[in-house]
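Fair warning: this is a prediction, and the values are worked out from it, not measured in the lab.
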Amino acid sequence: MNKAALGLLVCFCMTSLMASAEPQEGSLFPAHLRCEYKENPLGIDILHPRLSWEAEAITATERGLKQNSYQIVIASSLALLEQNIGDFWDTGKVQSSQTTHILYNGKTPASNQDFYWKVRIWDQDDARSAWSRPARWSTGLLSPGDWQAQWIEQPFRTDFDQCQWIWFPEGNPTQQAPAGTVYFRKTFTLDSPASEARILLTGDDYFTLYLDGQKILQSPQHEDAWDSPQIVDLGSLGSGKHCLAIAVTNKTESPAGLTAKLMLLENQTQMTLLTDASWKVSKEEAP
């Protein structure tokens, strides 16, 4: 056998070994990861939250698809998660078609702790998917000893008092404007940590809320969703700079609008941040 033929044979054998060691991607992919029915919730107070995802078909025309097994990896940082190191929890391959109500059963959570997680699944032919996109949740204050703020006699006012609607384009909300998505943004700085943070908001027609780059909530996607305001518990916020970013989508040819009130409890003092002319707005999405 000459050198060229020997080289081709070695190459063929290596390729075959690599193919057998690394299964091909399956017909399903895990998407829409949720913790306690929410995407990337912050400040939850549950020790064993319920995890879920949706097994989506990679090709819409395929039929008879089902999840056969799954693996969940949960880490204390994105860096560890990217290395597939589940220092909080690694289920290994679990033979199950279950995609909802999977109880977290890893390292006992502490207060104000971040959890980063991802999933991969196997289909009916035991073909493995790629890893899902990373998701996240965080804990709030889990024991009475963690609470330092005193009882506040007057609760947060959950109404739009003194809030302004802000529009893009500016001006009369009845004027014509192309349908599409507009991006509203407000940065704020806390001199000390806020033990509680909530936001009341609505957008015309519907919105997606982000805090410090993390997706928190997406409202129902229909034209009159603006008529059903959402109040979102953001948990506790650390001191320093924070950024609220809200993408508002209008399905009809009219301006996109937003009204919101951020409510904070900082050093036992209630503070509010309202939508007003200081908010930045753009037709282009920013990092």
For P30 and A130 the tightest heavy-atom approach is CD-O, 4.0 Å
How about T181 and V248: do any of their side-chain heavy atoms sit closer than 4.5 Å? no
Do the side chain of T275 and the main chain of I166 share a donor and acceptor less than 3.5 angstrom apart? no
Step by step, work out the side chain to side chain contact (heavy atoms under 4.5 Å, CB included) result for R128 and S69. CA-CA 9 Å; R128 188 181 66 194; S69 304; over 6 Å; no
State whether the number of non-hydrogen atoms from other residues, nucleotides or ligands found under 6.0 Å of Q95 atom CD is greater than 12. no
I need the S27 OG to I121 CD1 distance, nearest 0.5 Å. 8.0 Å
Does the D125 side chain pair with the main chain of A127, one donor and one acceptor, at a distance under 3.5 Å? no
Give a yes or no answer on whether the side chain of N68 reaches the backbone of D126 with a donor-acceptor pair at less than 3.5 Å. no
Electrostatic pair R34-E36, nearest N-O below 4.0 angstrom: no
Stepwise side chain to side chain contact (heavy atoms under 4.5 Å, CB included) check, R133 with K118: CA-CA 6 Å; R133 294 179 179 176; K118 61 183 179 180; over 6 Å; no
How long is the span from the CD1 atom in I216 to the NZ atom in K38, to the nearest 0.5 Å? 10.0 Å
D123 and F29, any side-chain heavy atoms less than 4.5 Å apart: no
Donor on one side chain, acceptor on other, Q67 and W53, under 3.5 Å: yes
Applying side chain to side chain contact (heavy atoms under 4.5 Å, CB included), run through V73 and W131 and close with a yes or a no. CA-CA 10 Å; V73 171; W131 286 105; 3.5 Å; yes
Does a side-chain N-to-carboxylate-O contact under 4.0 Å join R136 and D114? yes
Roughly how far, to the nearest 0.5 Å, is CG of L217 from OH of Y210? 11.0 Å
Donor-acceptor contact present, side-chain Q83 to main-chain A79, <3.5 Å: yes
Report yes or no: is the cationic atom of K93 (NZ for Lys, CZ for Arg) closer than 6.0 Å to the six-membered ring centre of W122, at no more than 45° off its axis? yes
With a 3.5 Å cut-off and no angle check, do the side chains of T187 and K241 form a donor-acceptor pair? no
Single hit among F115, F88, Y37 for ring pair (Phe, Tyr, Trp, His ring centres under 6.0 Å) with W137: F115
Which value, rounded to the nearest 0.5 Å, describes the distance between S129 atom OG and Q71 atom CD? 10.0 Å
Within the distance-only criterion (no hydrogens, no angle test), does the side chain of S219 pair as donor or acceptor with the backbone N or O of F207 below 3.5 angstrom? yes
Within a radius of less than 6.0 Å around NZ of K280, do more than 12 heavy atoms belonging to other residues, nucleotides or ligands occur? no
So do the side chains of R185 and C243 get within less than 4.5 Å of each other, counting heavy atoms only? yes
Return the CG to OG distance between L237 and S192, rounded to the nearest 0.5 Å. 11.5 Å
Run the side chain to side chain contact (heavy atoms under 4.5 Å, CB included) test on M263 and I231 for me, step by step, so that the C-alpha distance in whole Å, both residues' side-chain angles and the decisive distance to 0.1 Å come before the verdict. CA-CA 10 Å; M263 298 161 282; I231 183 164; 4.2 Å; yes
P109 and L47, any side-chain heavy atoms less than 4.5 Å apart: yes
Say whether, by atom type as modelled, one donor and one acceptor occur between the side chain of D212 and the main chain of H242 under 3.5 angstrom. no
Within-4.5 Å side-chain heavy-atom neighbours: Y104 and I74: yes
Distance-minimising heavy-atom pair for A197 and D233: O-OD1, 3.4 Å
For C35 and W117, the nearest pair of non-hydrogen atoms, with its separation, is N-CZ2, 4.4 Å
Looking just at side-chain N and O atoms, do S111 and T139 make a donor-acceptor pair shorter than 3.5 Å? no
Heavy-atom side-chain contact between Q113 and S138 under 4.5 Å: no
Kindly compute the distance separating CZ (R50) from NE2 (H101), expressed to the nearest 0.5 Å. 5.5 Å
